[in-house]
Asker: 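Can you keep this structure in mind? I'll have questions shortly.
The figures that follow rest on heavy atoms only: side chains count, while hydrogens, waters and symmetry mates do not. The structure presented is a predicted model; accordingly, all values stated were derived computationally and were not measured.
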Amino acid sequence: MREKTQGKEKNRASEKTRFHFRCFQKMHMKILALCLGCALAALLLQTFLFQQASSDLIYTQSKEEMGKSLENLQDDMYSLIKTMESGMIDIYNENDFVLDLKAGRDISYMRDEYYRLAFDLGTGSFDTSSAVVALYLYNMDHEIISTYRRAVTPKHNYPTDIYEDGEFGGGEKVREYVESDNAVTLITSYYNPYREKNILRFVLKIYTSGTNSETIGYVVCDADIKVIQYLMEKYRINDDAFIWLQPEGDAPVYQLGDLGNQDEEKFRMLAESIEAGGEAAAQLFSHSDRVFFKAAQNKYNLSAYALMPQSLLQENQRTLTRNLFLIAGLVIVLAVLISTFISRTLSRPLERMTATVKQIRDGDTRLRITDCKEDELGELGRSFNEMLDRIETLVSREYEAKLLLKQAEYNALQAQINPHFLYNTLDTMSSIADIRGCPEVSALSQSLSNIFRYSLDMKNPFSTVAGEIVHLKNYIYVMNVRMQENVEYVFDVEDSILKSTMPRISIQPLVENALTHGLRGSRKKKKIVITAGKDGENLVISVEDNGIGIPEEERRELLNPDRKNHTKSIGLNNIHSRMKILYGESYGVTIESRIGEGTKVSLVIPSVRMEEIDIWKAKNTKY
C-alpha cells in the first residue's frame with residue numbers, strides 16, 4: 001500500500017513538473033517570438049525606408065502628416081461639440097419648461113418660474129472639463145428667461161443678457177442664426193474684454209415635438225476657449241506652424257502661432273474672405289514660404305486651417321535621412337537589449353491587472369477579463385471575474401437597502417405633499433398660536449414640522465442616536481396630544497453612544513409598534529421604557545411596554561419577509577430587513593413578549609460613528 005501511495009505522489013510530482021515546464025516553454029516561445037519579431041520589423045523598416053525614401057516622397061508625407069493632424073483635430077472637435085450639444089439637449093428633460101415655451105407663457109411668469117433652470121442645466125449637465133462659463137435660455141422674442149454665470153468677478157465677467165450688453169454680448173450673430181432655417185448647432189465666439197480673449201459659444205434651438213415642429217426658444221452656452229486651445233496645441237506638430245479655427249461666414253474662433261508682417265496681412269485677408277462667405281483663397285500663399293492646409297467639419301460649420309513653413313517640411317527630409325543611418329547602427333543593439341530584458345516586460349501585464357483589481361474593488365464593476373488562457377495570466381483573469389461577481393452582489397444588496405429606506409421614509413407620511421410648503425405652514429401656525437396665547441397648539445405645530453423635516457431628509461440615509469431620540473420625542477409629544485393618552489415614557493440612553501451612527505427612522509417605529517400593538521386595549525397604567533447602550537461591539541436599542549403582549553403567531557408575522565410588500569405602514573419588518581441588508585444576517589430586530597405582561601422589542605446593530613461606517617462595511621460585509 002505504501003509503495004502504491006509513493007508511486008501516486010511521484011506521478012503527481014511528475015505531472016506538476018511537466019505542467020510548469022509547459023508554462024515555461026510557452027513563456028520562452030513568447031519571448032523568442034517577440035525578440036525575433038522586433039528585430040525583423042526593424043530590419044524591414046530600414047530596408048523599406050532606404051528603398052522608398054526620396055526627397056519628393058518625404059516632402060509629400062510631411063504635408064500629409066499636417067493634413068492628418070488637422071483631420072484628427074477636427075475629429076476631437078466633433079467629439080467636443082457633441083458633448084456640449086448633449087449637455088444642452090438636456091433642456092428637453094424639463095417637460096414643464098418646454099410646454100410653457102410652446103404655450104407662449106408671459107415672460108414674467110417664465111422668469112419667476114424658471115429663474116434657476118439655467119443654473120441647474122449649467123452645473124448638472126456639463127462636467128468640469130467642458131469649462132462652461134455662462135448659459136442663457138431665451139424665447140423666440142429674444143427675451144432672456146434664465147441666466148447662469150460662473151464665478152463672476154471683475155476679471156471674470158460675462159454678459160447677463162447677450163443682447164442688452166451690446167457688442168460685449170455678441171448677440172447679433174445669435175439672432176441671425178435663430179431667425180434662419182438652419183437646424184445645425186451654431187458655433188461662434190465673441191471677444192470678452194474682461195477676460196481679454198475670445199469666448200467660445202454654442203447655440204441650440206428648442207423645437208416642439210411632432211412632425212410639424214417649430215422653434216420655440218433656444219439655449220446659448222458659452223465655454224472657456226481653453227477647451228479648444230488644448231486640442232490645437234495637441235495637434236500643432238511644430239511651434240512654427242500657425243493654425244486657427246473659423247466658421248464660414250464668421251470671424252476666427254481661435255488662432256495659435258505667430259506670423260511675419262507680410263504673412264500676417266495675407267492671413268487677415270484670408271480670414272475676411274472666409275467671414276464674408278467666400279472660399280479660402282489659398283493662392284494668397286502660392287508664392288510664399290508657407291503651405292496652406294484646410295480641414296472642414298462633416299456636420300458643423302467649423303473648419304480648421306493651418307500655415308506650415310516650407311523650411312520645416314524640408315527639415316523633415318534631412319532629419320529622416322539621418323534617422324535611417326541611426327536605425328542601421330542601433331538595430332542590432334536593440335535586438336540584444338530586447339532579448340535581455342524582454343522577460344521583465346511580461347510583468348507589466350500583471351501590474352496592469354493588479355491595478356484593475358484595485359479599480360474593481362473601488363466599485364468599477366464594468367471591467368471584466370474575457371480571454372483567460374491556460375497559463376498564469378489566465379488564472380489571474382479568472383480571479384478578476386470572481387472579484388467582479390462579488391462586487392456586483394454587494395452593489396445589488398446596497399441598492400435594495402436604499403429602496404427599503406425610501407419606502408420607510410415615504411410610507412411614514414402616507415401622502416405625497418410638498419415638504420417646503422408643509423414646513424412653512426406648520427412654522428406659521430406655530431408662530432400664530434404662540435402670539436395668540438395657544439402654547440399647546442404652537443408646540444404641536446413645531447413638533448410636527450420637526451417630524452416632517454427629519455422624515456423627508458433624503459440626503460443621508462444615516463443619522464445618529466441623538467438625532468433619532470430627538471425625532472422620537474417629537475413623535476411622542478404629537479401622539480400624546482392627538483390620542484389624549486396618559487402614557488409614561490422612560491428614557492435610559494448612555495451618553496457615550498449619542499454620536500453613534502444608525503439608519504434613519506429606526507427607533508420611532510418601535511415605539512409606534514408598542515402603542516398600536518402592545519398598549520392598545522390595556523386598562524392598567526401604561527408605560528414604555530426606551531433603553532439604548534452598548535453590548536460589546538454592538539449597539540442595542542430596546543423598547544419595552546407593560547401592555548397586553550403579542551401572541552407568538554402574530555410576532556412571527558411581524559418579521560415575516562413576505563409581509564413587507566403588503567403592509568401600508570412602517571413596520572418592524574421594514575426595519576428588520578434594512579438592518580440585515582445593511583449590516584448582515586446577525587443584526588436586526590428581536591421580539592420578546594408575554595401575554596398580559598408586556599412586550600420588549602430590541603434592535604441590534606454595530607456600534608460605529610458616522611465617519612467610520614464605510615470602513616466598517618468594507619471590513620465586515622460578506623459577499
Side-chain angles (χ1 to χ4, degrees), residues 56-85 129-131 184-189 197-198 200-202 223-260 262-317 319-320:
D56 293 337
L57 179 59
I58 296 173
Y59 181 86
T60 302
Q61 289 175 344
S62 298
K63 292 180 64 176
E64 291 177 354
E65 180 184 2
M66 187 62 202
K68 290 180 180 179
S69 179
L70 287 184
E71 292 175 359
N72 293 334
L73 169 61
Q74 285 288 45
D75 290 340
D76 282 2
M77 283 298 303
Y78 181 84
S79 299
L80 170 64
I81 297 170
K82 293 299 291 184
T83 299
M84 302 299 294
E85 192 177 62
S129 63
S130 300
V184 181
T185 299
L186 174 67
I187 305 167
T188 183
S189 65
K197 65 178 182 179
N198 279 3
L200 189 61
R201 172 164 290 170
F202 304 86
D224 197 309
I225 203 70
K226 67 182 181 182
V227 296
I228 61 174
Q229 180 181 357
Y230 166 77
L231 296 178
M232 294 177 67
E233 290 175 349
K234 175 182 177 181
Y235 292 106
R236 186 186 180 197
I237 63 176
N238 189 277
D239 293 339
D240 293 332
F242 181 86
I243 60 177
W244 76 96
L245 293 173
Q246 182 176 2
E248 184 179 344
D250 202 348
V253 172
Y254 185 73
Q255 59 196 53
L256 182 64
D258 296 318
L259 293 171
Q262 183 178 2
D263 289 335
E264 185 72 35
E265 178 63 18
K266 293 180 179 179
F267 162 72
R268 185 185 62 79
M269 295 173 60
L270 180 59
E272 290 177 353
S273 174
I274 298 173
E275 184 175 358
E279 290 290 331
Q283 61 270 18
L284 290 172
F285 296 89
S286 59
H287 300 290
S288 174
D289 62 345
R290 291 184 179 270
V291 181
F292 175 79
F293 298 88
K294 174 184 176 181
Q297 269 285 355
N298 294 330
K299 178 179 178 181
Y300 300 99
N301 179 27
L302 185 65
S303 297
Y305 303 90
L307 294 173
M308 187 79 163
Q310 294 272 9
S311 57
L312 182 61
L313 298 177
Q314 295 169 353
E315 177 62 24
N316 290 340
Q317 302 174 40
T319 301
L320 185 56

Asker: Could you measure the distance from the CZ atom of Phe242 to the CG atom of Leu256? Nearest 0.5 Å is fine.
Answerer: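 Here the interatomic distance stands at 8.0 Å.
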Asker: What are the two closest non-hydrogen atoms of Lys294 and Leu70, and how far apart are they?
Answerer: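 In terms of heavy atoms, the two residues are closest at N-CD1, 4.2 Å.
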Asker: About how many Å separate CG of Asp76 and OH of Tyr230, when rounded to the nearest 0.5 Å?
Answerer: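 Answer rounded to 0.5 Å: 8.5 Å.
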Asker: When rounded to the nearest 0.5 angstrom, what distance separates NZ in Lys197 from CD1 in Ile225?
Answerer: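 Separation between the atoms: 7.5 Å.
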Asker: For a side chain to side chain contact (heavy atoms under 4.5 Å, CB included) with Thr185, tell me which candidate from Lys299, Glu85, Met84 qualifies.
Answerer: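 Answer to the side chain to side chain contact (heavy atoms under 4.5 Å, CB included) test with Thr185 among Lys299, Glu85, Met84: Glu85.
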Asker: Flag the pair Pro247 / Val253 as yes when at least one side-chain heavy-atom distance between them is below 4.5 Å, and no otherwise.
Answerer: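 In short, these two side chains touch, coming nearer than 4.5 Å.
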Asker: Looking only at non-hydrogen atoms, find the nearest pair between Ala223 and Ser130 and report the distance.
Answerer: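 Heavy-atom minimum between the residues: CB-O, 3.7 Å.
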Asker: Can you tell me how far OG of Ser303 sits from CD of Glu248, rounded to the nearest 0.5 angstrom?
Answerer: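 These two atoms lie 7.0 Å from each other.
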Asker: Hey, what do you get for OG (Ser189) to CD1 (Ile228), rounding to the nearest 0.5 Å?
Answerer: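 Answer for the OG-CD1 pair, Ser189 versus Ile228, is 8.0 Å.
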Asker: Evaluate the criterion salt bridge (charged side-chain N to carboxylate O under 4.0 Å, His left out) for residue pair Glu264 and Arg268; output intermediate values, then yes/no.
Answerer: CA-CA 6 Å; Glu264 185 72 35; Arg268 185 185 62 79; over 6 Å; no
Asker: Is a side-chain donor or acceptor of Ser273 paired with a backbone partner of Met269 at a separation under 3.5 angstrom?
Answerer: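 Looks like no, no N/O pair under 3.5 Å.
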Asker: Between Gln74 (side chain) and Leu302 (backbone), is there a donor-acceptor pair under 3.5 Å?
Answerer: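 Yes.
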Asker: Could you list the residues that satisfy salt bridge (charged side-chain N to carboxylate O under 4.0 Å, His left out) with Asp250, not counting sequence neighbours?
Answerer: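 Residues passing salt bridge (charged side-chain N to carboxylate O under 4.0 Å, His left out) with Asp250: none at all.
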Asker: In Å and rounded to the nearest 0.5 Å, what is the OG1 to CD distance from Thr188 to Gln246?
Answerer: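 Answer rounded to 0.5 Å: 10.5 Å.
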Asker: Do Leu270 and Tyr305 have side chains that get closer than 4.5 Å, going by heavy atoms?
Answerer: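 Contact flag for Leu270/Tyr305 side chains = no.
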Asker: Is Phe267 close to Gln255 at the side-chain level, that is, under 4.5 Å between some pair of heavy atoms?
Answerer: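 When only atoms from C-beta onward are counted, Phe267 and Gln255 do touch, with a gap below 4.5 Å.
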Asker: Around atom NZ of Lys226, are there more than 12 heavy atoms from other residues, nucleotides or ligands closer than 6.0 Å?
Answerer: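 Open: at most 12 neighbouring heavy atoms sit under 6.0 Å from NZ of Lys226.
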Asker: Would you mind reporting whether Val184 and Asn301 have side-chain heavy atoms less than 4.5 Å apart?
Answerer: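 A side-chain contact is absent here, since even the closest heavy-atom pair is not under 4.5 Å.
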Asker: Is there a side-chain contact between Arg236 and Met232 in this structure, where contact means two heavy atoms from C-beta onward sitting under 4.5 Å apart?
Answerer: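 The answer is no, as the side chains (C-beta and beyond) never meet within the 4.5 Å cut-off.
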Asker: Are any non-hydrogen side-chain atoms of Ile243 and Phe293 less than 4.5 angstrom apart?
Answerer: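 Answer no - side chains too far apart.
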Asker: Are any side-chain N or O atoms of Ser69 and backbone N or O atoms of Tyr235, one a donor and one an acceptor, separated by less than 3.5 Å?
Answerer: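 Confirmed, Ser69 side chain pairs with Tyr235 backbone.
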